[in-house]
Number of protein chains: 2
Amino acid sequence: METNPIKILIADDEPDIIEIISFHLTKAGFEVYTAKDGSEAIEQAQLHIPDCIILDIMMPKRNGFEVCEYLRSQKQFDKTLIVLLTALNDEASHIKGLELGGDDFVSKPISPKVLLSRISALFRRILPSTNDNKTIQVRDLIIDPVQYKTTLNGEIYTLAKKEFELLFLLAEQPGRVFLRNEILSQVWGNDVIVGDRTIDVHVRKIRAKLGVDCITTVKGVGYKFDY
Amino acid sequence: METNPIKILIADDEPDIIEIISFHLTKAGFEVYTAKDGSEAIEQAQLHIPDCIILDIMMPKRNGFEVCEYLRSQKQFDKTLIVLLTALNDEASHIKGLELGGDDFVSKPISPKVLLSRISALFRRILPSTNDNKTIQVRDLIIDPVQYKTTLNGEIYTLAKKEFELLFLLAEQPGRVFLRNEILSQVWGNDVIVGDRTIDVHVRKIRAKLGVDCITTVKGVGYKFDY
DNA sequence: GTGTCAGGTTATCAAATTGTTAACTAAATA
DNA sequence: TATTTAGTTAACAATTTGATAACCTGACAC
């Protein structure tokens, strides 16, 4: 569920190349950033943290190899795809580029269509592996058990442990009614004995904090997540 | 920590090509299987479930496109890398190959070294990333595990070993909550027994030294890096 | 209308958890 | 060995969380 557009940075000192690649990538729905030399490429990369960086090898200030090597030493660009472009199609630089951590190496003259399909092929491999967590998302409400974070309309709401666990339990199966007993054993554990009003109070706190009634009471039965 | 050798299947009708690629891949430590046509390629693939399949496009019985398409329709070859080889370097088949689910497309004449480094580049993406020492940068905060150095706004802050390791652990996965147990086993080791307050004290020292609260407490759960 | 029941609300207190400081110990360094 | 530095612990303070009691509200039956 990639909500944000995929960001691609193109670094090349030839404005024509930038323009033509940029045109095709934009048309394909990517968000495109550009840089005209190696230093600018690094600046832009740090600013936007793109998903893919297309680097010309022959560039002023810092060449593509240097930029590639630098980016690869940074944790934040771990998952960033790096595609190297070159006019010279020699074996040595091809290998060097890939050894420095490049993901692909494309020789000029560049066919925008081919470049696009190569990038797509790379993304096919990368994207699925990024969203493997157990985050629950229902419309604008995001419940992330890894971060212990609840987001509603982009705003972060801090729930206490029990509150979070209760909300998470219900939200895991939206619509399903959880009996009070189930909630107690799941959130509090089987051996803990707490009074009847305890659940209500926590439900109340969740409702109050989120400001939205995403928990519905089913009288005489229990509660369910409903949003 | 790959205990089993990586398996690669090569399918090409030219024995010379098979031999030379096979030689290089074997030398590089891969376990190599071969097939001389499309049907055999599928048989061998089903038999060995290789990690990577190199397919010549022009093959008897079933061509590379057909084999590629078939393999991609099978769940068991979801993660298998497919590299397509071709004598004809036309744009259309290049794009077609990638659209059918190929991961790379290499034109003949093939340089074994280039092929090898392309395959390696692809595997780098698929195989579980090794936890190597990479610089973490979040805005103005730079954490360099090689130099054991923390920089904030260009100023260098010297953290003690444990402090640094704790910060690094959290910062490797910003936002993720680390349970106290996780922190203990990662930073202190499984066999070392230290009190609960020890973590707090170190967190406090990091906060005090950096002057920025980049570590958030999640009460009852643990700590997370948040900056 | 009144009683009853299930749940909602609030305030309060107890318990759990974390923060802070200082003192002590171990390890590294000179 | 003396000195510094890092790491750990204990004791206590501060804070947060959770549980409960007491009371309120609304629905429904009679």
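Note on naming: letters A, B, ... go to the chains in the order of the sequence lines (proteins, then strands), and numbering restarts at 1 for each one.
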Return no unless some side-chain N or O of [X] is found under 4.0 Å from OP1 or OP2 of [N].
{"X": "Arg180(B)", "N": "dT18(C)", "value": "yes"}
{"X": "Thr217(B)", "N": "dT17(C)", "value": "no"}
{"X": "Arg204(B)", "N": "dT18(C)", "value": "no"}
{"X": "Tyr223(A)", "N": "dA6(C)", "value": "no"}

Atom pair distance, as rounded to whole Å: [atom1] in [X] and [atom2] in [N]:
{"X": "Glu165(B)", "N": "dT8(D)", "atom1": "CD", "atom2": "P", "answer": "10 Å"}
{"X": "Ile183(B)", "N": "dT8(D)", "atom1": "CD1", "atom2": "P", "answer": "14 Å"}
{"X": "Leu184(B)", "N": "dG7(D)", "atom1": "CG", "atom2": "P", "answer": "15 Å"}
{"X": "Lys224(B)", "N": "dT18(C)", "atom1": "NZ", "atom2": "P", "answer": "14 Å"}
{"X": "Asn181(A)", "N": "dA6(C)", "atom1": "CG", "atom2": "P", "answer": "14 Å"}
{"X": "Asp213(A)", "N": "dG7(C)", "atom1": "CG", "atom2": "C1'", "answer": "13 Å"}
{"X": "Asp200(B)", "N": "dA10(D)", "atom1": "CG", "atom2": "P", "answer": "14 Å"}

Is Arg176(B) positioned over the aromatic face of Phe225(B), cation under 6.0 angstrom from the ring centre and no more than 45 degrees off axis?
no
Under 3.5 Å, is there a donor on one side chain and an acceptor on the other for Glu40(A) and Tyr33(A)?
no
Do Glu163(B) and Tyr157(B) have side-chain N/O donor and acceptor atoms under 3.5 Å apart?
no
Correct closest heavy-atom pair for Phe164(B) and Asp144(B) would be CZ-O, 3.4 Å
Here the pair of heavy atoms bringing Asp37(A) nearest to Met59(A) is C-SD, 3.9 Å
Could you list the protein-to-nucleotides 16-23 of chain D atom pairs, N/O on both sides, closer than 3.5 Å?
from    : atom 1 : to        : atom 2 : distance (Å)
dT16(D) : O4'    : Lys219(B) : NZ     : 3.2
dG18(D) : OP1    : Lys162(A) : N      : 2.9
dA19(D) : OP1    : Trp188(A) : NE1    : 2.7
dA19(D) : OP2    : Trp188(A) : NE1    : 2.8
dA19(D) : OP2    : His202(A) : NE2    : 3.2
dT20(D) : OP2    : Gly195(A) : N      : 2.4
dT20(D) : OP2    : Thr198(A) : OG1    : 3.1

Of Val218(B) and Arg207(A), whose closest DNA chain C nucleotide lies nearer the 5' terminus?
Arg207(A)
For Ile10(A) and Ser22(A): C-alpha separation, side-chain torsions, deciding distance, then whether side chain to side chain contact (heavy atoms under 4.5 Å, CB included) applies.
CA-CA 8 Å; Ile10(A) 311 168; Ser22(A) 180; 4.1 Å; yes
Mind checking whether Tyr223(B) and Phe178(B) have ring centres under 6.0 Å apart?
no
